[in-house]
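These notes concern the structure reproduced below.
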Amino acid sequence: MDVNHITRMRSSITIMPPYHSTFLTESGPDARLVGNLVLLPLHTSFRGPSYPPQQDYDIIEETLDLFRANSFFKNFEIKGPADRLLIYGILFVSDCLSKLNKSVNLREATRILNNLALDNFALPGDIGFPLNSMYQAPTNKNDAELLRSYLSQFRQELADRLLKRVYSANDQVPDKFWLAFTRRRFMNKSL
């Protein structure tokens, strides 16, 4: 093969872009924003400021559906506030999976992920928040408390639904196809 042939082959390969949130249109002028992060409605049984959505599909389901496909990408163009929530969710799922191992049963995994979801976590603008370059800090203390409460509710619901998927086949052993993504780092970041 000559150099020109290799160059033509490389230019003909199309790289699939990462998946963006379908809720970008819902983060319009009527959306509840804290900084540049939208507080989307959730189907949840956990206490918090979220309200139920009009449709069955919510940002939690979207995060779980897109996690495995998007976890291969090191770059992600943010197209709106809903993408920021999607990024946060994908990074949280990655952290959850890294806490699980092959020998953990559902009961132990529930305890581990509940502790992780309720654990003290950094908000945008805090020193320990890894994505400060992409997220705006809350403008006041009330907004910060609202964001903390929403993200806590978001994390609890996300951990709960993740467990239902990871242990859907067997309560004693996590799904190996989910655990295979423990080494993947979306955008080379972690929470």
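Numbers here simply count residues along the sequence, with the first being 1.
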*For the pair Glu62 (side chain) and Thr22 (backbone), establish whether a donor and an acceptor sit closer than 3.5 Å, ignoring hydrogens and angles.*
yes
*Kindly indicate whether the side chain of Tyr167, heavy atoms from C-beta on, has any atom under 4.5 Å from the side chain of Gln172.*
no
*Drop me the distance from Gln136's CD to Arg84's CZ, to the nearest 0.5 angstrom.*
7.0 Å
*Check: Ser149 and Pro49 side chains under 4.5 Å, non-hydrogen atoms*: yes
*Are Pro53 and His43 close enough that some pair of their side-chain heavy atoms sits under 4.5 Å apart?*
yes
*Polar side-chain atom of Thr182 near backbone of Leu179 as donor-acceptor pair, under 3.5 Å*: yes
*Going through the checks in order, is the side chain to side chain contact (heavy atoms under 4.5 Å, CB included) test met by Tyr88 and Thr63?*
CA-CA 9 Å; Tyr88 187 87; Thr63 300; over 6 Å; no
*asked:* Let me confirm one number: the CG-CG distance from Asn170 to Leu106, rounded to the nearest 0.5 Å.
replied: 9.5 Å
*Side chain of Asp83, backbone of Leu86: donor and acceptor closer than 3.5 Å?*
no
_If you count every heavy atom of other residues, nucleotides or ligands that lies below 6.0 Å from Asn140 atom CG, does the total exceed 12?_
yes
*Inspect the surroundings of NZ in Lys176 and state if more than 12 heavy atoms from other residues, nucleotides or ligands are less than 6.0 Å away.*
no
*Hey, mind stepping through Leu85 and Phe23 against side chain to side chain contact (heavy atoms under 4.5 Å, CB included) and telling me if it holds?*
CA-CA 10 Å; Leu85 190 57; Phe23 297 100; over 6 Å; no
*Step by step, work out the side-chain hydrogen bond (donor to acceptor under 3.5 Å, both in side chains) result for Tyr150 and Arg32.*
CA-CA 11 Å; Tyr150 178 81; Arg32 295 187 330 176; over 6 Å; no
*Check for a donor-acceptor pair, side chain of Asn132 on one end and backbone N or O of Gly125 on the other, with a separation under 3.5 Å.*
yes
_So, taking the atom named CD in Gln156 and the one named OG in Ser45, what distance separates them when rounded to the nearest 0.5 Å?_
8.5 Å
*asked:* Give me the atom names and distance for the closest heavy-atom approach of Pro138 to Ala144.
replied: CB-N, 3.6 Å
*asked:* Are the side chains of Cys96 and Leu116 in contact, using a 4.5 Å heavy-atom criterion?
replied: yes
*Please confirm whether the backbone N or O of Ile90 pairs with a side-chain atom of Ser94, one donor and one acceptor, at under 3.5 Å?*
no
*How far does CZ of Phe181 sit from CG of Asn70, to the nearest 0.5 angstrom?*
11.0 Å
*Within 45° of the ring axis of Trp178 and under 6.0 Å from its six-membered ring centre, is that where the NZ or CZ of Arg165 lies?*
no
*How far apart are the closest heavy atoms of Leu66 and His20, and which atoms are they?*
CD1-O, 4.0 Å
*Considering only heavy atoms from C-beta outward, does the side chain of Asn142 approach that of Glu145 to under 4.5 Å?*
no
_Before we go on, tell me: are the rings of Phe76 and Tyr19 under 6.0 Å apart, centre to centre?_
no
*Cluster question for you: counting only ILVMFWY and a side-chain heavy-atom cut-off of under 4.5 Å, with indirect links fine, are Phe46 and Leu158 together?*
no
*On the 0 to 90° scale, with breaks at 30° and 60°, tag the Phe129-Tyr135 ring pair as parallel, tilted or perpendicular.*
perpendicular
*Crowding at CG, Asp119 (>12 non-hydrogen neighbours, <6.0 Å)*: yes
*asked:* Please determine whether a side-chain nitrogen of the Lys or Arg among Asp160 and Lys164 lies less than 4.0 Å from a carboxylate oxygen of the Asp or Glu.
replied: yes
_Quick one, Ser152 and Leu118 - any side-chain contact, counting heavy atoms below 4.5 Å?_
yes
*Taking C-beta and beyond as the side chain, do Asn114 and Arg111 meet within less than 4.5 Å on heavy atoms?*
no
*Looking only at atom types and distance, does a side-chain atom of Asp126 sit under 3.5 Å from a main-chain N or O of Leu123, one as donor and one as acceptor?*
yes
*Closest non-hydrogen atom pair, Pro41 against Pro52*: CB-C, 3.8 Å
*If you look at every heavy atom in Val166 and Pro174, which pair is closest and at what distance?*
CG1-CB, 3.5 Å
*asked:* Membership question, hydrophobic clusters at under 4.5 Å side-chain separation (ILVMFWY): are Leu33 and Leu40 in the same one?
replied: yes
*asked:* Using 0.5 Å steps for rounding, measure from the CG atom of Asp56 to the CD atom of Glu61.
replied: 9.5 Å
*asked:* Rounded at 0.5 Å granularity, tell me how far CZ in Arg148 sits from CG in Asp143.
replied: 13.5 Å
*State, with a plain yes or no, whether a side-chain heavy atom of Val104 is found less than 4.5 Å away from one of Val173.*
no
*Nearest non-hydrogen partners of Leu147 and Pro124, listed with the distance*: CD2-CD, 3.7 Å
*asked:* Same cluster or not: Leu151 versus Tyr51, using hydrophobic residues (I, L, V, M, F, W, Y) connected whenever any side-chain heavy atoms lie under 4.5 Å apart?
replied: no
*Check: Ser50 main-chain N/O paired with Gln153 side-chain donor or acceptor under 3.5 Å*: yes
*Stepwise, does the side chain to side chain contact (heavy atoms under 4.5 Å, CB included) test hold for Glu157 with Ile59?*
CA-CA 11 Å; Glu157 185 64 31; Ile59 188 67; over 6 Å; no
*Taking atom CD of Gln55 as the centre, report whether more than 12 heavy atoms of other residues, nucleotides or ligands fall under 6.0 Å from it.*
yes
